[in-house]
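The structure under discussion appears below in the form of structure tokens.
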Amino acid sequence: MANKPDEDYIELTLKGDVNAFSFLVEKYKDMVFTLAVKMVKSREEAEEVSQDAFIKAYRYLSKFKGDSKFSTWLYKIAYNTSLDAIKKKSNSYNTVTIDEVTVNYISSVETVLDGIEREERAAVINDCLQQLPEDERAILLFFYFKELSLKEIIEVTSMSEANVKVKLHRARKKLLRIVKNTVEPELISHYGRK
Amino acid sequence: MGENKHIEEIHAFTKKYVKEIPTETPSLDFTSNLMKKIEELQPLKSTITYKPLISKKGWFIVFLAIVAVVLVPFKQRKEPLFSLPEMNFSFLEKLNFDGLLENSSVSSTTLYLALTFSVFVCIQLFYLKGHFEKQING
């Protein structure tokens, strides 16, 4: 059973071949786990959330109609399972004010970021992302990291198109603000050198 | 124009740096642990397909058999294959329904009410059918 389309594995699973489902797990576990980790912020919890998401996907596999991609359907389950896990914990809501950012502001932040090693830079951005509200964080990840279309994001999050666009716009501005605050000491020394 | 350029700059900034975030990988025994849990679950209920007791092919054979039994000997015989016993239906002429509905009348209000009621029943039937189908399909 090597590299068949998802529909084949789904059909086999529905006919009783549980092993066929493991191929789908192997294919999508990184995708589901990455989303879960970015949302719940803890690897241990993300493992649990990911397992729960796959178990739900298995239970409701017969309800997958095939009118969207299996990955989109699975993302929706993983997203909702992550949100449920977050709601169970008492998390304080992250509020970040959105200031007007100027073009110069962006370029100086970029200059500082580009001066850091790629791995360290990715860690900085990751930490900054964690400070966003979970729904805005998820939308940024879906749009920029997973490169889902707007239509797919709407399907995964069950939000309206207008709501997704507004949250995406806000999330980008907030992320920039958070990154700027994070690299502020470097920014000050950068302007100092100028 | 300036606002659009501003939005484009922020979009480009976000795209450049969010793409660099690494993909996370779960623990090595993630799949095996998950599959153990799945195997303990109830087997999946696949969609039930109803098969008729007599298939279309079966009905066709039955039809041919009837034709063979009834028509073929019927065509070959000059006299009828069987004959019905004689029955007297003259009692029907004695039944008189004249004037039964002469004095009855239905008001237009009743007629409109009955019509409106029928229309609402039909609408509700469609609505309820759709509602229960959605519940069943989830």
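Residue numbering restarts at 1 for every chain, and letters A, B, ... go by the order of the sequence lines.
Ring geometry for B:His11 against A:Tyr144 counts as tilted: the plane angle lies between 30° and 60°, on a 0 to 90° scale.
Going from atom NZ of B:Lys36 over to atom CD of A:Gln51 covers 10.5 Å, rounded to the nearest 0.5 Å. Taking CG of A:Leu129 as the reference point, atom CD1 of B:Ile21 lies at 4.5 Å (rounded to 0.5 Å). Here the CD atom belonging to B:Glu39 is positioned 8.5 Å from the OH atom belonging to A:Tyr58, to the nearest 0.5 angstrom. B:Thr31 OG1 to A:Phe21 CZ: the interatomic distance, rounded to the nearest 0.5 Å, is 10.5 Å.
When hydrophobic clusters are built by joining Ile, Leu, Val, Met, Phe, Trp and Tyr residues whose side-chain heavy atoms come closer than 4.5 Å, directly or via intermediates, B:Phe60 is not grouped with B:Val62. In the hydrophobic clustering of this structure, A:Val166 does not group with A:Met159; members are Ile, Leu, Val, Met, Phe, Trp, Tyr whose side-chain heavy atoms approach within less than 4.5 Å, directly or through other members. Cluster annotation: B:Leu125 and B:Phe117 are assigned to the same hydrophobic cluster (Ile/Leu/Val/Met/Phe/Trp/Tyr, side-chain heavy-atom contacts under 4.5 Å, transitive).
You'll find the side chain of B:Phe13 reaches within 4.5 Å of the side chain of A:Val179, heavy atoms only. A heavy-atom distance below 4.5 Å is not found between the side chains of B:Thr23 and A:Phe33. Inter-residue side-chain proximity for A:Ile106 and B:Ile10 is flagged as met; some heavy-atom pair is nearer than 4.5 Å. With contacts defined as side-chain heavy-atom distances shorter than 4.5 Å, the pair B:Phe30/A:Val25 qualifies.
Neither the backbone nor the side chain of A:Glu119 comes within less than 4.5 Å of any heavy atom in chain B. Contact annotation for B:Lys37: only side-chain heavy atoms (C-beta onward) come within less than 4.5 Å of a heavy atom of chain A. No part of A:Leu168 comes within reach of chain B, as not one of its non-hydrogen atoms sits under 4.5 angstrom from that chain. Heavy atoms closer than 4.5 Å to chain B are found in the side chain of A:Val37, but not in its backbone.
If you tally non-hydrogen atom pairs under 4.5 Å between each of A:Cys128, A:Ser22, A:Ala123, A:Ala46 and chain B, the highest count goes to A:Ser22. Among A:Met31, A:Arg43, A:His169, the residue making the largest number of heavy-atom pairs under 4.5 Å with chain B is A:Arg43. Ranking B:Leu34, B:Asn33, B:Ile7 against chain A, the residue ahead of the rest is B:Leu34, based on heavy-atom pairs under 4.5 Å.
Atom CG of B:Leu28 is surrounded by 12 or fewer heavy atoms from other residues, nucleotides or ligands within 6.0 Å. Heavy-atom contacts from other residues, nucleotides or ligands closer than 6.0 Å to NZ of B:Lys15 number 12 or fewer. Under a cut-off of 6.0 angstrom, the local environment of NZ in B:Lys16 is crowded, with over 12 non-hydrogen atoms contributed by other residues, nucleotides or ligands.
Of the possible polar contacts, none joining the B:Thr25 side chain to the A:Asp30 backbone as a donor-acceptor pair under 3.5 Å is found.
Shown here for B:Val18 and A:Leu140, the closest heavy-atom pair between the two residues is CG1-O, 4.4 Å. When all heavy atoms of B:Ile38 and A:Val18 are compared, the pair lying nearest together is CG2-CG1, 3.7 Å.
Side-chain contact annotation: A:Asp114 with B:Tyr17, donor-acceptor N/O pair under 3.5 Å present.
The one candidate from A:Lys38, A:Lys29, A:Lys41 that meets the salt bridge (Lys or Arg N to Asp or Glu O under 4.0 Å) condition with B:Glu24 is A:Lys38.
The side-chain contact (heavy atoms from CB on, under 4.5 Å) search around A:Asp127 returns none, not counting sequence neighbours.
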